[in-house]
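Data block below; observations after.
Read the numbers this way: they start at 1 and go in the same order the structure lists the ligands and their atoms.
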Amino acid sequence: MQIFLDTGSVKEVERAAAFGVLDGVTTNPSLIAKEGKDFHQTIKVICKIVNGPVSAEVVNTNTEGMIKEAKQLVKLGKNVVVKIPLIPEGIKAVKQLSKQGIKVNVTLCFSPNQALLAAKAGAWCVSPFVGRLDDIGQTGIDMVHEIRQIYNNYNFKTKILFASTRSSEHVKQAALIGADICTMPYAVFEKLFHHPLTDSGLKKFLDDWNAFKKKGSHIS
Ligand code: G3P
């Protein structure tokens with residue numbers, strides 16, 4: 001499963017990329033607005049830090065406007081993937097952009113039927129928002145299970161990008177289901193590294209080693 005960072009922060013992308021396990025980045029208008037920096041410039045910089053796909057979202061809501069904006073966004077970097085919302089006008093835009101070879105991430109997906117439409121329109125990936133379904137009392141991962149099943153049934157090539165990831169448990173579930181990609185905030189990414197037994201185990205190894213050396217071992 002590919003690991004993406006869900007952020008509009010260049011600093012977070014740099015920090016995560018330094019570990020060598022980051023495969024891509026997703027942004028959205030809220031995340032970009034939170035940073036308060038120029039949108040296009042931010043995407044350009046992120047595209048230079050990571051080699052993998054960088055999603056940049058359109059803000060137009062009619063087909064023609066989305067297509068026009070998509071064509072501007074792909075000029076920002078060779079790895080830009082255009083994010084289009086899963087609305088009827090969006091699906092029309094996805095169909096046309098995909099036919100022209102432009103990679104599209106269909107965002108704001110909350111049902112398997114919406115994901116079916118995204119795949120039929122030729123989307124490069126679909127983003128089911130798991131955490132936001134959990135927020136309204138549904139089980140977001142059930143939706144991802146069902147999308148996986150539908151895509152497998154018909155051999156759709158559209159990737160499943162597990163989004164609205166709120167915890168390391170979500171990341172594990174994404175990998176168990178067979179999501180192709182999981183995008184997550186930096187705070188969740190950081191949690192993937194840790195286990196209390198790793199920390200206490202390392203402490204014990206080093207304490208034992210230092211005690212052994214203090215006794216005057218010749219091993220250096
Ligand atoms: O970027 C799309 C998605 O991951 C947003 O997540 O946490 O705002 O629901 P969230």
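Heavy-atom contacts of Arg166 reach the following atoms of ligand 1: 7 (O), 9 (O), 10 (P) (cutoff under 4.0 Å). Within the listing of ligand 1, atoms 5 (C), 8 (O), 9 (O), 10 (P) sit less than 4.0 angstrom from a heavy atom of Arg132. Taking every heavy atom of Ala163 and a limit of under 4.0 angstrom, the matching atoms of ligand 1 come to 4 (O). Below 4.0 Å from some heavy atom of Lys83 lie the following atoms of ligand 1, by number and element: 1 (O), 2 (C).
Side chain to side chain, Lys71 and Gln100 meet the donor-acceptor criterion of an N or O pair below 3.5 Å. A side-chain donor-acceptor contact under 3.5 Å links Asn155 and Lys157. Between Thr26 and Thr183, the side chains place a donor N or O and an acceptor N or O closer than 3.5 Å (distance only, hydrogens not considered). Between the side chains of Glu69 and Asn60, at least one donor N or O sits under 3.5 Å from an acceptor N or O. Counted by atom type alone, Asp134 and Gln138 present zero donor-acceptor pairs between their side chains at under 3.5 Å.
Closest protein heavy atom to atom 2 (C) of ligand 1: Phe129 CZ, 3.3 Å. Regarding atom 6 (O) of ligand 1, its nearest protein heavy-atom neighbour is Ser164 CA, 3.3 Å. Atom 1 (O) of ligand 1 has as its closest protein heavy atom Asp6 OD1, 2.8 Å.
For the side-chain contact (heavy atoms from CB on, under 4.5 Å) test with Cys47, the passing option among Val25, Thr42, Val80, Val13 is Val80; the others fail.
Where the criterion is an N or O separation shorter than 3.5 Å, residue side chain and backbone included, Asn28 meets it with respect to ligand 1.
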